[in-house]
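Report on the structure given below.
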Amino acid sequence: MEKEYNFSAIESKWQEYWEKNKTFKAEDFVEGKPKYYVLDMFPYPSGAGLHVGHPEGYTATDILCRYKRMRGFNVLHPMGWDAFGLPAEQYAVETGTHPSVTTERNINNFRKQIKALGFSYDWDREINTTDPKYYKWTQWIFSQLHKKGLAYMAEVPVNWCPALGTVLANEEVINGVSERGGHPVVRRPMRQWMLKITEYAERLLEDLEELDWPEGIKEMQRNWIGKSTGAEVDFVIDGIGEKVTVYTTRPDTLFGATYMVLAPEHPLVDKITAPAQAAQVSAYREEASHKSDLDRTELNTEKTGVFTGAYAVNPVNNDKIPVWIADYVLISYGTGAIMAVPSHDTRDFEFAKQFDIPVKCIIMPDDELAAPEVLAGNACWTGNGKMINSANHDGLDINGMEVADSKRVTIEWLEARGIGKGAVKYKLRDWLFSRQRYWGEPFPIIHLEDGSIKLVDDNDLPLTLPELDDFKPVASGEPPLAKAADWVTYTDPETGLKGRRETNTMPQWAGSCWYYLRYLDPDNNQAAFAQDKEKYWMPVDLYVGGAEHAVLHLLYARFWHKVLYDLGFVSTKEPFRRLVNQGMILGISYKDSRGALVPMDLVEHTGDGAVHKQTGEKLVEFPAKMSKSLKNVVNPDDVIKEYGADSMRLYEMFMGPLEAVKPWNTKGVEGVYRFLKRSFRMLTAQQISDAPMNEVQLRLLHATIKKVTEDVESMSFNTAISQMMIFLNEFSGDKPLPREAAETYILLLAPFAPHLCEELWSALGHSDTLAYEPWPEYNEKYLKVAEVEIMVQVLGKAKARIMMPADADENVMKELALANPDVNAAIGGKTVRKIICVPGRLINIVIS
RNA sequence: GCCCGGGUGGCGGAAUGGCAGACGCAACAGACUUAAAAUCUGUUAUCCGUUAGGGUGUGCGGGUUCGAGUCCCGCCCCGGGUACCA
């Protein structure tokens with residue numbers, strides 16, 4: 001008699017229904033409905049398949065999309081594939097399988113896995129960055145950048161990774177090894193494509209203000225852009241007359257400069273080096289040029305450098321200070337030259353101590369304890385204080401000023417005398433945009449024999465990738481595309497000039513920089529996207545993805561978007577209005593008493609905890625990143641098979657706040673599975689009644705609508721689910737279930753567990769999908785109660801709980817409280833000093 | 001070092017400055033069952049106490065407040081980012 005919760009049958013039935021009826025197709029330009037564009041970070045379709053981290057963000061956005069549809073929004077929720085990338089290429093190098101074959105296979109697998117979770121995507125808008133119909137427009141955008149002068153070639157010291165046979169962006173190198181694979185990276189000059197992201201530094205920084213993004217992510221972008229304000233000051237080299245410009249953020253400490261440092265690569269080094277020092281200097285420069293980033297990171301404890309024999313004249317006091325070269329000064333930042341103020345800069349202080357250079361204190365520290373040491377030159381002070389040993393006599397009276405003020409005053413003073421000027425610098429560098437790989441977008445670029453560069457005509461795009469059998473880079477470091485001789489050679493039809501096609505390809509970021517725009521118009525063959533569609537849908541209302549994209553992808557995409565804005569192709573300054581980062585899902589892992597990690601297959605669970613299968617040693621459980629080596633990777637397919645997609649979705653939302661890092665626990669899936677099973681039983685086996693609800697039932701129903709609605713809006717899915725559990729616990733049982741409660745409950749649960757709810761909805765006699773049913777509204781009047789329990793505290797300690805009318809005012813509450821025997825006992829005849837009264841909540845009686 | 005997060009039962013986690021531990025997991029006890037699974041009911045921060053009841057408790061130390069997990073000051077620990085950026 002009683003039906004089983006057969007989730008597999010229910011889920012495939014409704015997934016087919018949605019697909020067949022195109023239930024979630026997003027229509028452009030719907031009149032009278034607000035639009036809502038929700039973007040998921042599209043995945044790289046790896047061979048390993050979907051990870052439990054993917055459905056976390058996807059479920060969160062899916063709940064919001066389903067909710068917004070019920071709220072009458074025209075929702076756009078698309079999915080696609082970021083499919084260029086290294087793993088497919090490496091697999092190709094090893095096996096000879098063409099990356100397009102691997103990619104297609106992986107995409108099919110990913111699509112199947114994602115569809116099994118029942119997300120309400122508009123699959124008609126699916127995109128794939130490796131599809132020539134897509135990358136045609138990636139190439140077109142590059143052409144636009146090139147025409148605007150934002151793409152250029154430069155011989156730059158790049159991060160060359162011999163193991164990967166390619167250069168990497170600064171962002172892709174972590175502590176001297178590659179982000180992917182962890183291979184060593186060395187510096188090497190190469191001719192490369194660069195994009196002028198630095199031209200947009202200020203706007204990328206400023207426009208962060210208007211974005212509804214997590215403050216931490218904004219801060220990371222600010223730090224990455226790294227704006228600093230200070231001054232450029234000219235020093236003249238004594239006896240040679242050459243001028244060296246230094247950049248400093250502390251022009252107010254100019255009087256404390258006791259030496260100057262040039263980067264080893266600084267162009268003036270040869271000119272100013274004294275003959276006696278030449279050998280030493282040239283040896284040091286040679287040594288520095290061989291240092292990779294890795295070496296420099298490892299050696300950052302000790303400072304090195306050599307004296308050039310030259311002296312510079314400090315323009316503010318005519319002091320002659322020695323000029324050194326040292327690799328702690330970088331040629332790529334500021335002017336490649338600094339004035340060193342050891343008394344008020346910690347790095348300069350270290351260097352001065354190491355080489356016995358004088359330290360001159362010019363700021364008397366505010367901190368009296370620190371002052372004597374700093375005055376004696378034994379310590380460094382970077383805080384506020386009074387200027388001393390400075391140019392008070394020169395009209396510069398900045399005694400007692402805070403650092404910020406004295407900086408401003410000094411800059412004005414320098415400018416008035418023509419010695420220096422205010423300057424702004426950024427850490428952000430131009431974006432190294434080329435890779436020596438096969439599996440990426442070819443540049444629409446031809447190098448002609450006369451040395452000029454020709455863009456492939458827009459009408460000839462896409463410039464498709466040539467077929468290759470061997471995907472290895474050429475030994476010389478030339479990219480694999482150089483092997484496609486026919487493809488590479490070119491003769492200009494107009495001039496007859498011969499040329500070679502660019503053999504570098506674009507980095508993986510290229511395709512992901514603008515994919516949110518292609519979803520708006522995925523089949524357009526005439527343009528990347530129609531402008532009226534862009535105007536209708538943009539900006540993205542909500543973008544959900546992992547925090548690992550905090551700087552790279554999100555900064556690059558914002559940059560391209562701003563370029564497209566300047567060119568008039570998009571109508572918003574920023575692409576992503578609201579951003580939410582999902583927290584990583586960790587696996588369970590075990591370690592033994594020595595702290596060694598134990599893979600899951602060697603762990604045995606016994607009555608009193610986990611033990612090592614072989615040694616029998618007790619193991620400690622702890623959360624750690626899921627990894628192949630720990631064998632603690634959870635496969636979504638297995639979870640779906642055992643508990644169903646609705647349970648998988650619900651569990652990932654119930655684990656905790658979306659942003660939090662949280663460990664996976666399969667037992668927890670069982671908990672939500674039980675909840676869904678009970679929901680199914682309540683709505684199928686329990687008698688549905690048309691009798692009106694009583695006061696208590698109405699209150700719980702409306703409180704649940706209120707809580708779930710508010711929690712979905714704020715993406716607090718875990719507490720929304722807990723409220724629905726409370727509802728279920730109250731309503732399930734033998735008593736008949738009021739129809740209104742049943743239907744409302746189904747609609748509230750539908751965004752979370754859509755398959756089950758569609759099934760229950762149709763079982764209650766509805767013939768249509770519930771996807772567009774109006775979202776339940778709550779009524780405040782049902783939330784009111786006649787009497788509430790008021791806690792009465794005496795000196796902050798709870799002494800009694802008294803039922804009082806909900807609308808009782810302070811006087812009534814006080815009277816009722818003071819009439820209570822327990823309260824009186826607690827007061828014990830002492831004097832009542834004060835009574836704090838919080839209507840509807842508590843009373844606190846202060847006695848003495 | 002610097003910049004962000006975070007620290008609450010056995011575990012995941014709840015708490016507009018107002019009864020800390022909602023909801024779930026696990027555990028324990030009971031019902032049903034020949035038995036198990038499934039299901040249902042109950043207990044479950046901790047200490048003292050047979051009970052009634054009382055004490056303690058949100059990383060540590062101070063402070064503000066009638067009242068602090070929540071606000072302020074000073075630390076400790078964990079996670080993430082970043083690093084000679086003048």
Side-chain angles (χ1 to χ4, degrees), chain A residues 2 4 174-175 214-220 222-224 226-228 230-231 246-251 253 261 263 293 296-297 299-304 326-330 332-341 345-348 350-351 425-429 547-548 550-551 581 583-584 586 588 609 621 623 650-651 654-657 659-672 674-675 677-678 681 716 718-726 728-729 732-734 789-798 801 833-838 840-847:
Chain A
E2 192 171 304
E4 276 294 307
I174 315 243
N175 291 332
E215 203 38 56
I217 301 292
K218 288 204 218 177
E219 195 59 27
M220 280 168 74
R222 282 188 203 108
N223 291 338
W224 194 265
K227 182 180 184 174
S228 74
V246 303
Y247 174 69
T248 175
T249 54
R250 290 293 303 273
T253 62
V261 187
D293 276 1
R296 285 173 84 143
T297 321
L299 297 171
N300 71 4
T301 45
E302 253 192 27
K303 298 230 177 330
T304 61
D327 66 4
Y328 83 91
V329 173
L330 310 173
S332 51
Y333 182 77
T335 59
I338 63 159
M339 64 167 197
V341 184
D345 180 287
T346 49
R347 289 154 311 170
D348 296 347
E350 269 175 49
F351 190 86
K425 301 285 176 198
Y426 301 89
K427 285 195 223 175
L428 187 70
R429 311 289 161 76
E548 67 272 20
V551 280
N581 286 121
M584 207 193 324
L586 302 176
I588 294 173
E621 185 183 309
L650 206 64
Y651 173 61
F654 188 59
M655 290 172 89
E659 301 84 354
V661 176
K662 20 190 198 282
W664 180 272
N665 175 9
T666 299
K667 284 285 183 194
V669 187
E670 263 171 55
V672 296
R674 276 201 280 268
F675 163 69
K677 204 156 59 165
R678 290 178 63 205
R681 219 177 320 127
S716 309
N718 54 334
T719 48
I721 294 167
S722 112
Q723 180 64 36
M724 290 188 278
M725 287 172 167
I726 293 170
L728 177 79
N729 290 342
S732 69
D734 306 327
E789 190 184 75
I790 301 292
M791 180 187 49
V792 184
Q793 301 178 331
V794 175
L795 285 176
K797 292 208 185 284
R801 294 170 222 297
R833 292 279 169 215
K834 197 174 171 186
I835 300 179
I836 314 289
C837 203
V838 184
R841 280 198 174 269
L842 62 76
I843 292 173
N844 188 9
I845 300 169
V846 187
I847 57 171

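Because the structure is a prediction, the values reported are computed rather than measured. Reminder, nothing fancy here: chain letters follow the sequence lines and each chain counts from 1.
Comparing A:Ile836 and A:Met339 by the nucleotide of RNA chain B that holds the closest heavy atom to each, the one mapping nearer the 5' end is A:Ile836. Toward the 5′ end of RNA chain B lies the nearest nucleotide of A:Met584, the other residue of the pair A:Asp348 and A:Met584 mapping further downstream.
Side-chain atoms of A:Met220 lie closest to B:G81 of the nucleotides B:G18, B:U56, B:G81. In this structure, of B:A22, B:C84, B:C25, it is B:A22 that holds the atom nearest to the side chain of A:Ser722. Among B:A26, B:C66, B:A86, the nucleotide with an atom closest to any side-chain atom of A:Lys667 is B:A26. For A:Glu670, taking side-chain heavy atoms from C-beta onward, the closest of the listed nucleotides B:A26, B:C3, B:C66 is B:A26. Nearest nucleotide to the A:Gln793 side chain, out of B:C40, B:G18, B:C84: B:G18. Set against B:C84, B:C23, B:C66, the side chain of A:Lys303 has B:C84 as its closest nucleotide. Among B:G18, B:A86, B:C84, the nucleotide with an atom closest to any side-chain atom of A:Ser228 is B:A86. In the set B:C3, B:C19, B:C23, B:C3 carries the atom at the smallest distance from any side-chain atom of A:Glu219.
Taking atom CH2 on A:Trp224 and atom C1' on B:C2, their separation rounds to 15 Å, with Å as the unit. If you take CE of A:Met724 and P of B:C23, they are 15 Å apart, rounded to a whole angstrom. One interatomic measurement links the two molecules: CG of A:Leu842 to P of B:U16, which rounds to 15 Å at whole-angstrom precision. If you measure from atom OH of A:Tyr333 to atom C1' of B:A83, you get 13 Å, rounded to the nearest angstrom. Between A:Leu795 atom CG and B:C66 atom P there is a gap of 12 Å when expressed in whole angstrom units. Protein atom CG of A:Leu728 is 13 Å distant from nucleotide atom P of B:C23, rounded to whole Å. Counting to the nearest Å, the P atom of B:G1 and the CD atom of A:Glu350 are 13 Å from each other. Here the P atom of nucleotide B:A86 and the CD1 atom of A:Ile338 are 11 Å apart, to the nearest Å.
Atom name C1', nucleotides B:U8 and B:U70: the rounded distance is 12 Å, in whole Å. Going from the P atom of B:A22 to that of B:G9 covers 13 Å, rounded to whole Å. When the P atom is compared between B:C23 and B:A14, the two are found 14 Å apart, to the nearest whole Å.
Using a 4.5 Å cut-off on side-chain heavy atoms (C-beta onward), A:Arg250 and A:Val341 make no contact. Two residues are said to be in side-chain contact when any heavy atoms from C-beta on lie closer than 4.5 Å; A:Trp664 and A:Ile588 fail this criterion. Side-chain contact between A:Tyr328 and A:Glu350 is absent, with no heavy atoms from C-beta onward closer than 4.5 Å.
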Where along nucleotides 6-15 of chain B does protein come under 4.0 Å, by heavy atom, of base (B) or sugar-phosphate alone (S), with - for untouched nucleotides? ------BSS-
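In summary, A:Arg222 and A:Glu215 engage in a salt bridge, as defined by a charged side-chain N under 4.0 Å from a carboxylate O.
Using a 4.0 Å heavy-atom distance criterion, A:Gly796 is classed as making no nucleic acid contact.
Distances shown here put every side-chain N or O of A:Asn223 at or beyond 4.0 Å from the OP1 or OP2 atom of B:A83. For the pair A:Arg222 and B:U82, the criterion of a side-chain N or O lying under 4.0 Å from OP1 or OP2 is not met. For A:Arg841, no side-chain nitrogen or oxygen approaches OP1 or OP2 of B:U16 to under 4.0 Å.
Contact of A:Glu789 with B:C19 (side chain to base): a donor-acceptor pair of N or O atoms is detected under 3.5 Å. Side-chain N/O atoms of A:Arg801 and base N/O atoms of B:C19 include a donor-acceptor pair closer than 3.5 Å.
With hydrogens and angles disregarded, no donor-acceptor distance shorter than 3.5 Å links the side chain of A:Lys427 to the backbone of A:Tyr333. A side-chain donor-acceptor contact under 3.5 Å links A:Tyr651 to the backbone of A:Asn665.
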Start with the C-alpha gap between A:Asp348 and A:Ile338, add the side-chain angles, then the distance that decides, and say whether side-chain contact (heavy atoms from CB on, under 4.5 Å) holds. CA-CA 10 Å; A:Asp348 296 347; A:Ile338 63 159; 3.8 Å; yes
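Consecutive Watson-Crick or G-U pairs involving RNA chain B, each under 3.5 Å on both distances, make up stems of three or more pairs at B:1-7 with B:76-82, B:10-12 with B:23-25, B:27-31 with B:39-43, B:45-48 with B:53-56, B:59-63 with B:71-75.
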